[in-house]
Asks: 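Dumping the structure here so I can ask a few things about it.
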Amino acid sequence: MMRTSETVYKYLRPNKKFPHVWCPGCGIGIVMGALVRAIDKKGLSKDDIVLVSGIGCSGRMSTYLDFNTLHTTHGRALAFAAGIKLARPELTVIVVMGDGDATAIGGNHLIHACRRNIDITALIINNNIYGMTGGQYSPTTPMDKKASTAQYGNIEKPFDICKLVEACGASFVARGTTYRANMLDPLIEKAISRRGFSVVEAMAQCPVQYGRRNIQGGPVDMLQWYRDHAVPVAAFKEIPPGEAGERFPIGVMVDLDEPGYIDRYKEIIKKAGGEV
Amino acid sequence: MKKRNDVLLQGNEACALGALAAGMRFYAGYPITPSTEIAELLSIELPKVGGIFIQMEDEIASIAAIIGASLAGAKSMTATSGPGFSLMQENLGFAAMAEVPCVVVNVMRGGPSTGMPTRASQGDVMQSRWGTHGDHPAIVLSPGSVLECYTLTVHAFNLSEKYRTPVIVLMDGIMGHMSENIKIPEKLEIINRPKPTVPPIWYRPYDDIPGGEIVPLVPFGEGYRYHVTGLVHDALGFPTLVPDEVNACLKKIIYKIKNNLHDIIRIEKYLLDDADICIVAYGSVARSAREAVNMARQEGIKAGMLRPITLWPFPRFNLEDIGRKVKVFVVPEMNYGQVYGEVLKACHKKVVRVTRVDGELITPDEIMKKIKEVTI
Ligand SMILES: Cc1ncc(C[n+]2csc(CCOP(=O)(O)OP(=O)(O)O)c2C)c(N)n1
Ligand code: SF4
Ligand SMILES: [Mg+2]
């Protein structure tokens with residue numbers, strides 16, 4: 001317990017007017033805990049970290065953490081982050097987004113960030129819903145699930161975020177859940193350590209806007225659902241095709257660690273006769 | 001490109017070189033006619049000075065990236081035209097609200113919508129003032145020559161850094177594509193971002209200092225950890241809904257401009273001292289207007305011209321002054337009368353307009369015709 005509270009005091013802003021905006025039982029705080037533990041483990045200085053976030057419940061995380069923080073516009077966090085990282089490559093840039101933020105309004109920026117491979121870590125908090133605006137369906141809401149704008153059930157096919165970013169060229173891709181919070185820490189830590197564009201998808205419960213409509217019970221039941229449906233990548237591969245049902249893989253999906261945009265841009269500067 | 005002195009340059013090229021001279025080291029953009037030459041030239045020149053050029057996936061990302069780069073300490077810019085300028089509006093408001101310096105160049109083409117990509121227009125004057133939602137400040141500069149495309153871009157960076165706000169360089173397609181022989185100024189004032197005078201723990205990035213002093217924006221990564229948001233915020237940058245703090249936040253971003261009109265507004269007066277007729281014209285149309293004034297003078301008509309170099313904040317007080325002396329205003333512009341409406345508001349004199357929206361430049365003859373109509 002001692003260690004936990006020390007980390008809290010080290011990374012939470014003393015001057016922000018708490019309490020935070022998140023509902024009781026929300027999973028975003030669990031992901032925030034994993035993020036600060038990962039940063040703490042890496043021993044990075046708070047001055048050298050820039051935390052950029054989009055708009056939504058997830059996007060509010062930047063308000064509370066004691067880094068250089070930027071709360072941007074809905075969907076655009078990655079584009080702001082690209083500017084920061086390119087202008088000051090020595091900084092560690094981490095971007096927190098919601099599922100709607102990252103894959104609906106920000107979908108174009110996400111796919112191009114993967115392709116461009118600028119050294120940024122994207123932490124996508126997937127609660128399968130638009131939490132902040134009151135539970136409308138998002139691009140990751142599963143088929144047939146209910147949302148405030150899908151009262152008869154969702155008829156749109158959801159994105160698999162990890163597959164999406166892998167196909168677009170992200171050099172590190174991983175998924176975890178709030179149920180296995182301790183597994184999230186090393187995934188995030190690895191993502192930060194890798195060169196190029198890294199994505200961690202953190203499945204996090206939104207009991208208020210998603211669970212209420214779709215899962216019997218409260219936050220604990222949602223966590224148990226993650227426990228029962230999240231399967232480590234290796235074991236998931238053993239499941240015969242078509243038999244996975246609602247189960248999904250967790251762990252590291254892609255780990256390329258290849259040179260990114262900034263290394264290549266340095267070559268351009270040399271070609272142009274400039275000084276790096 | 002080598003340092004050149006007496007050179008033939010296009011307006012767009014002059015704008016790009018002016019930006020480099022101002023110390024711009026980060027450009028993000030998306031191609032669009034008639035602004036593209038700015039990006040193309042900068043993609044060659046920026047790497048030579050160790051700067052960053054990046055072509056983003058769209059204009060929304062472009063302006064987002066330059067705001068990010070500015071927060072990391074780089075003087076940054078993007079350039080676009082109508083459709084792209086429309087896409088930038090949300091983040092333009094973000095830069096105004098979060099008080100992040102940056103320069104946005106809009107080389108106006110015929111609108112609305114995709115309009116006329118290869119024909120010039122001045123149809124975005126009101127959009128450059130009110131395009132983003134909510135009450136917000138706006139500084140918009142309008143060059144009237146290739147030389148001014150250079151000098152006003154430098155000036156745009158200076159105002160942007162000084163007032164911690166986005167500045168728009170609003171050129172028309174003719175200005176952007178026109179070539180002129182210019183002498184690149186050897187020495188121009190360059191304003192760089194001031195350093196903070198307090199240690200991190202005392203730093204209040206959004207403080208409202210009595211007397212209007214503007215808190216220096218410290219780049220990310222220099223030990224001053226603070227929060228930046230497009231939400232209404234308190235002096236530390238944290239979101240607030242406390243009415244007093246809300247008022248302070250919004251008042252500050254507006255009044256830092258309103259209280260410094262004398263510093264921000266630039267105009268040119270041409271033969272106005274004894275004039276009965278004042279033409280108000282800007283951008284490429286001002287060149288025709290100047291010629292029309294000369295023609296009128298030859299015929300013994302006392303015409304003169306006021307050219308707003310700063311379009312926003314609008315030089316209302318200058319117009320009020322001139323309105324006391326002249327009998328009539330003639331406002332030629334390549335839209336249906338966007339500045340005309342502002343002139344009407346500023347003076348209780350007769351105001352007539354000469355408008356064209358067909359992509360063609362307004363000629364001196366057309367303006368002269370209107371001058372004759374109003375002199376009878
Ligand atoms: C341009 C724009 N459109 C719409 C909104 C309204 N809006 C705010 S948050 C949000 C959805 C957030 O969902 P998600 O990204 O999944 O984040 P969550 O709240 O679930 O963490 C929307 C639609 C906005 N702020 N800006
Ligand atoms: S609405 Fe959902 S995601 Fe948002 S704070 Fe509440 S529980 Fe969390
Ligand atoms: Mg969500």
Asks: Any side-chain heavy-atom pair from A/Lys271 and B/Pro47 closer than 4.5 angstrom?
Replies: no
Asks: Does the side chain of A/Arg76 reach to within under 4.5 Å of the side chain of B/Asn91, using non-hydrogen atoms?
Replies: yes
Asks: Identify which part of A/Leu91 has an atom lying under 4.5 Å from any heavy atom of chain B, answering side chain, backbone, both or neither.
Replies: side chain
Asks: Between B/Leu236, B/Val49, B/Leu231, which has the largest tally of heavy atom pairs under 4.5 Å with chain A?
Replies: B/Leu231
Asks: For A/Lys42, does the NZ atom have more than 12 heavy-atom neighbours from other residues, nucleotides or ligands under 6.0 Å away?
Replies: yes
Asks: Crowded around B/Asp135 CG? As in, over 12 foreign heavy atoms under 6.0 Å?
Replies: no
Asks: Does atom OH of A/Tyr9 have more than 12 heavy-atom neighbours from other groups under 6.0 Å away?
Replies: no
Asks: Could you tell me if the ring centre of B/Phe220 sits under 6.0 Å from that of A/Phe67?
Replies: no
Asks: Roughly how far apart are B/Phe94 CZ and A/His71 NE2, rounded to 0.5 Å?
Replies: 8.5 Å
Asks: Quick check: closest heavy atoms across B/Glu90 and A/His74, and the distance to 0.1 Å?
Replies: OE2-N, 4.4 Å
Asks: Measure the CD-CG distance between B/Glu222 and A/Asp47 for me, rounded to the nearest 0.5 Å.
Replies: 10.0 Å
Asks: Sort B/Ile63 into side chain, backbone, both or neither according to what part of it lies under 4.5 angstrom from a heavy atom of chain A.
Replies: neither
Asks: Taking side chain as everything from C-beta outward and backbone as N, CA, C, O, which of these in B/Phe53 sits under 4.5 Å from a heavy atom of chain A? Side chain, backbone, both or neither.
Replies: both
Asks: Under 6.0 Å from the CD atom of A/Glu275, do we count more than 12 heavy atoms belonging to anything else shown?
Replies: no
Asks: Using 0.5 Å steps for rounding, measure from the NE2 atom of A/His109 to the CG atom of B/Asp58.
Replies: 5.0 Å
Asks: Could you grab the distance from atom OG of B/Ser70 to atom CD1 of A/Ile84, nearest 0.5 Å is fine?
Replies: 10.0 Å
Asks: With a 4.5 angstrom heavy-atom cut-off, could you sort out which part of A/Tyr265 is near chain B: side chain, backbone, both or neither?
Replies: side chain
Asks: Please evaluate residues B/Ile54 and A/Leu86 with respect to the criterion side chain to side chain contact (heavy atoms under 4.5 Å, CB included), reporting the C-alpha separation (whole Å), side-chain torsions for both, the decisive distance (0.1 Å), and the verdict.
Replies: CA-CA 9 Å; B/Ile54 186 166; A/Leu86 291 173; 3.7 Å; yes
Asks: Between A/Arg60, A/Lys85, A/Lys266, which has the largest tally of heavy atom pairs under 4.5 Å with chain B?
Replies: A/Arg60
Asks: For chain B, which candidate among A/Val50, A/Leu78, A/Asp66, A/Asn108 shows the most heavy-atom pairs at distances under 4.5 Å?
Replies: A/Asp66
Asks: Is chain A contacted by the side chain of B/Pro239, its backbone, both, or neither, given a heavy-atom distance below 4.5 Å?
Replies: both
Asks: Take atom OH of A/Tyr130 as the centre, draw a 6.0 Å sphere, and report whether it contains more than 12 heavy atoms from other residues, nucleotides or ligands.
Replies: yes
Asks: Counting heavy-atom pairs closer than 4.5 Å to chain A, which one of B/Ser76, B/Pro219, B/Ala28, B/Gly223 comes out on top?
Replies: B/Gly223
Asks: Between A/Lys270 and chain B, with a heavy-atom cut-off of 4.5 Å, which part of the residue counts as in contact: side chain, backbone, both or neither?
Replies: neither
Asks: Quick check for you: to the nearest 0.5 Å, what is the distance between B/Arg225 atom CZ and A/Leu65 atom CG?
Replies: 11.0 Å
Asks: With only heavy atoms counted, which part of A/Arg116 is less than 4.5 Å from chain B, the side chain, the backbone, both or neither?
Replies: side chain
Asks: For the candidates B/Ile66, B/Leu71, B/Ile60, which exhibits the highest count of non-hydrogen atom pairs separated by less than 4.5 Å from chain A?
Replies: B/Ile60
Asks: Which one wins on heavy-atom pair count under 4.5 Å against chain B: A/Ile55, A/Ile49, A/Thr69?
Replies: A/Thr69
Asks: Side-chain contact test, heavy atoms from C-beta onward, threshold under 4.5 Å: evaluate it for B/His227 versus A/Asn68 and give yes or no.
Replies: no
Asks: Side-chain contact, heavy-atom cut-off 4.5 Å: A/Thr63 with B/Thr229?
Replies: no
Asks: Got a second to check how far A/Ile269's CD1 is from B/Lys48's NZ, nearest 0.5 Å?
Replies: 13.5 Å
Asks: Taking side chain as everything from C-beta outward and backbone as N, CA, C, O, which of these in B/Ile52 sits under 4.5 Å from a heavy atom of chain A? Side chain, backbone, both or neither.
Replies: both
Asks: Specify which of A/Ser62, A/Ala82, A/Gly273 makes the most heavy-atom pairs with chain B at under 4.5 Å.
Replies: A/Ser62
